[in-house]
Amino acid sequence: MDLDMKDVVALCKRRGFIFPASDIYGGINGFWDYGPLGVELKNNLRDLWWKAMVVTPPIGPDGTPVQIVGLDSSIIQNPKAWVASGHVGGFSDPMVDCRETKKRYRADHLIQRIADKVKVLADIGSEEIKIKGKVAKAFAFPIDATNEEMDRRLKKLGVKKGWISHDGTMPELAFADFSKQDLETLVGPDASEPGTLTEPKEFNLMFESHAGPVQSDDNKVYLRPETAQGIFLNFKNVLDSSRVRMPFGIAQIGKAFRNEVNPRNFIFRSREFEQMEMEWFCHPDEVEKWRDFWFEERTKFWRAVGLASDNLQMRKHGDDELSHYAKEGLGTSDIEYKFPFTAPDFGELEGIAHRCDFDLTAHQEHSGQKLEYMDPVTQEKYMPHVIEPAAGLTRGALALICEAYTVDESRPSGVYLNFHPALAPKKAAILPLSAKEEHVGPATKLYLALREEFAVDLDIKQNIGKRYARQDEIGTPYCFTIDNDTIEDGTVTVRDRNTMAQERISMDKVAEYLREKMKPAGANQEKEAA
RNA sequence: GCGGGCGUAGUUCAAUGGUAGAACGUCAGCCUUCCAAGCUGAAUAUGCCGGUUCGAUCCCGGUCGCCCGCUCCA
């Protein structure tokens, strides 16, 4: 059956995974809070990523582990950094609305074509093109409109042939160059009369604040829209302090902020979110090798944490959707997940981008600091290129929840969360079969021993069925039940979340049992074992 | 940002121009030797602001939030 997002959202709230931010004040659009279980899940994913990147980075093509160091840079940086990165300019996409058709266009995606003839005629007042009684002097078309499409549209609007043409005598103007008054005589791409387009509206997708208690333009600062820039800003510091040599990576996990026009789809597109980014610096000649390497590693990671189904797919960006930093080079490939709200389409989970030397070059120019790399062996001096695997931590957590959400009418809870044990917020629940001391005593002892190593729950209240059901709903993979046999022979029942099957194991072996079950999730485990 | 829909307990739903009810969940207790059993009890809701009205959860306006579509997503 199709997974309904409403059920997922309800479970997340009911069991304490994700709450609307500022819930008691009616919430705030685009912001979410992670509850007691949500923060565990998110931290587990975060820690596994950190381990896979920084603690036990993968074995490289040459058979030795690659070099990656960690970083935690400030959310607020010198605003010049965002000018250099292109965010101050590039983040502001002027938008134009059509009052008639309610459509919205990016101003830089519209062009206007004005026929000289029309202009002249209008100027001398002898003849005019009138549409619905209004003077039309110019027509806006999508930037990719073909001549045929433009002809067809003009004909439909009743413009006589010969009055206006696209034979090269008709100038093209960028929308932004048009004056406010000219808008009155401009016909929108889908409108039936002139004058329906609004002035371009500035959209700045970066959050602004002020460093210091007095607000002025002089101390305006931005909340980072991506963690990546903090890495580029520290490239030289890391290089000078960390004994790293090309190629190497700098990894960072942290919050990022984007003033999304329209936050949607639960935590998928929120205004405050968390990223896991690694900038891999390498020689320009090696980018292809490393792009392929990281693409494969990152795919393995997502499969290892539990996104092993057909819901995961890989997609290369088309040329039309490339970022400003990826216009040259190898482009961007996405790892995508089929979320319930995107199905049958997929939503981006991680992008592996070739950022070229865009960022370091830009920061070198703007800061005046030399950021080139001098190879100590070859004495070659060059600007490193960057392969960037950039993943959404919060999106990842959402994908994990969606993937884990399993409807099972046959069990009391009706649903269980099939998390990989390493990701599950609680690894196990310790359940005394009855609330009597002979059960509670050993259960408490087991709980105290296990909690040193695992996130476990001790649950004494209510009957055993209710307790199993509750653990199912929060995705606890194992329940250890203490009963009369435990007192006799020191064994406990292990109840498996997915199969509901039970087996008895010695109480001494419980920790080892859990340790074993946690194992396979590390993305680099297989290679290490080999 | 535009259009449409919606807003009642933690969740899912019901009802009404005359002071809101259920199920599940939660909590407390009893009972329970393995899957939400049974029994008893308890707490908890009309998003917010304003208007109409004798009286508004219901009608109207605004606002906030959620969902769908469009747009956008460097």
Side-chain angles (χ1 to χ4, degrees), chain A residues 4-7 9-16 19-32 35 82 85-106 108-109 190 198 201 203-206 225-226 228-229 258-266 268-271 273 321-327 332 341 347-348 351 353 358 408 410-416 431-436 438-439 461-473 479-488 492-497 500-502 504:
Chain A
D4 190 340
M5 233 13 233
K6 275 176 72 178
D7 298 330
V9 174
L11 176 70
C12 281
K13 181 164 190 192
R14 180 157 39 91
R15 288 302 182 187
F19 307 124
S22 314
D23 202 9
I24 62 172
Y25 287 103
I28 175 166
N29 197 1
F31 298 89
W32 301 89
W82 303 111
S85 69
H87 289 88
V88 170
F91 242 49
S92 316
D93 293 325
M95 304 296 296
V96 174
D97 288 322
C98 179
R99 280 186 283 262
E100 178 190 334
T101 63
K102 307 301 181 195
K103 288 188 185 247
R104 163 172 290 180
Y105 313 93
R106 266 175 68 167
D108 63 341
H109 282 183
D190 302 284
T198 65
K201 283 180 225 165
F203 278 76
N204 192 338
L205 266 52
M206 273 200 295
E226 63 175 19
Q229 293 306 323
R258 293 179 196 180
N259 245 328
E260 294 289 352
V261 174
N262 195 355
R264 277 288 164 90
N265 295 329
F266 202 27
F268 181 77
R269 179 173 301 150
S270 48
R271 290 184 167 137
F273 57 103
E321 53 182 335
L322 288 180
S323 319
H324 62 275
Y325 53 73
K327 291 261 191 283
T332 299
F341 45 80
E348 181 183 345
F358 177 94
D408 180 358
S410 74
R411 66 175 71 198
S413 59
V415 63
Y416 65 101
L431 310 176
L433 195 52
S434 81
K436 290 171 187 159
E438 59 258 41
H439 293 163
K461 302 281 181 172
Q462 297 177 319
N463 70 64
I464 193 72
K466 282 193 176 187
R467 285 179 280 167
Y468 283 152
R470 184 163 39 221
Q471 297 299 335
D472 279 350
E473 248 191 356
C479 291
F480 298 106
T481 307
I482 281 74
D483 58 14
N484 287 340
D485 289 353
T486 310
I487 304 161
E488 299 293 322
V492 297
T493 304
V494 189
R495 184 262 194 188
D496 182 275
R497 173 197 60 206
M500 296 192 282
Q502 301 186 354
R504 292 200 76 90

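Note that this is a predicted model, so its numbers are computed, not measured. Order of the sequence lines fixes the chain letters, A, B, ..., with proteins taken first and strands second; residue numbering starts at 1 for each chain.
Listed candidates were G65(B), A28(B), A37(B). Nearest to the side chain of Lys461(A) is A28(B). Across A74(B), U12(B), C68(B), the shortest atom-to-atom separation from the side chain of Arg258(A) is found for A74(B). Considering only the side chain of Arg269(A), C72(B) comes nearest among A36(B), C72(B), A74(B). For Leu433(A), counting side-chain heavy atoms from C-beta on, the closest listed nucleotide (C34(B), U26(B), A74(B)) is C34(B).
When Watson-Crick and G-U wobble pairs are counted only if both distances are under 3.5 Å, U12(B) pairs with A22(B).
Judged by distance alone, the side chain of Arg15(A) and the main-chain N or O of Glu473(A) form no donor-acceptor pair under 3.5 Å. Distance alone, capped at 3.5 Å, is enough to place a donor-acceptor pair between the Asp483(A) side chain and the Thr486(A) backbone.
Comparing Ile28(A) and Phe341(A), the nucleotide of RNA chain B nearest to each residue sits closer to the 5' end for Ile28(A).
Going from the C1' atom of G21(B) to that of U46(B) covers 13 Å, rounded to whole Å.
Between the side chain of Arg264(A) and the base of G69(B), a donor-acceptor pair under 3.5 Å is found. Between the base of C24(B) and the side chain of Arg14(A) there is no donor-acceptor pair shorter than 3.5 Å. With hydrogens and angles ignored, no donor-acceptor pair closer than 3.5 Å exists between the side chain of Glu260(A) and the base of C73(B). Below the 3.5 angstrom threshold, one finds a donor paired with an acceptor across the side chain of Tyr468(A) and the base of C34(B). The base of G65(B) has none of its N or O atoms less than 3.5 Å from a complementary donor or acceptor on the side chain of Asn29(A). Checked by distance alone, Asn262(A) brings no side-chain donor or acceptor within 3.5 Å of a matching partner on the base of C72(B).
When heavy atoms are screened at a 4.0 angstrom cut-off, Arg497(A) is found touching no nucleic acid atom at all.
Within the structure, every side-chain polar atom (N or O) of Lys13(A) is placed at least 4.0 Å from both OP1 and OP2 of G10(B).
Between Arg258(A) and Met206(A), the closest side-chain pair of non-hydrogen atoms is not below 4.5 Å. Within the 4.5 Å cutoff, no side-chain heavy atoms of Phe480(A) are placed close to those of Leu431(A).
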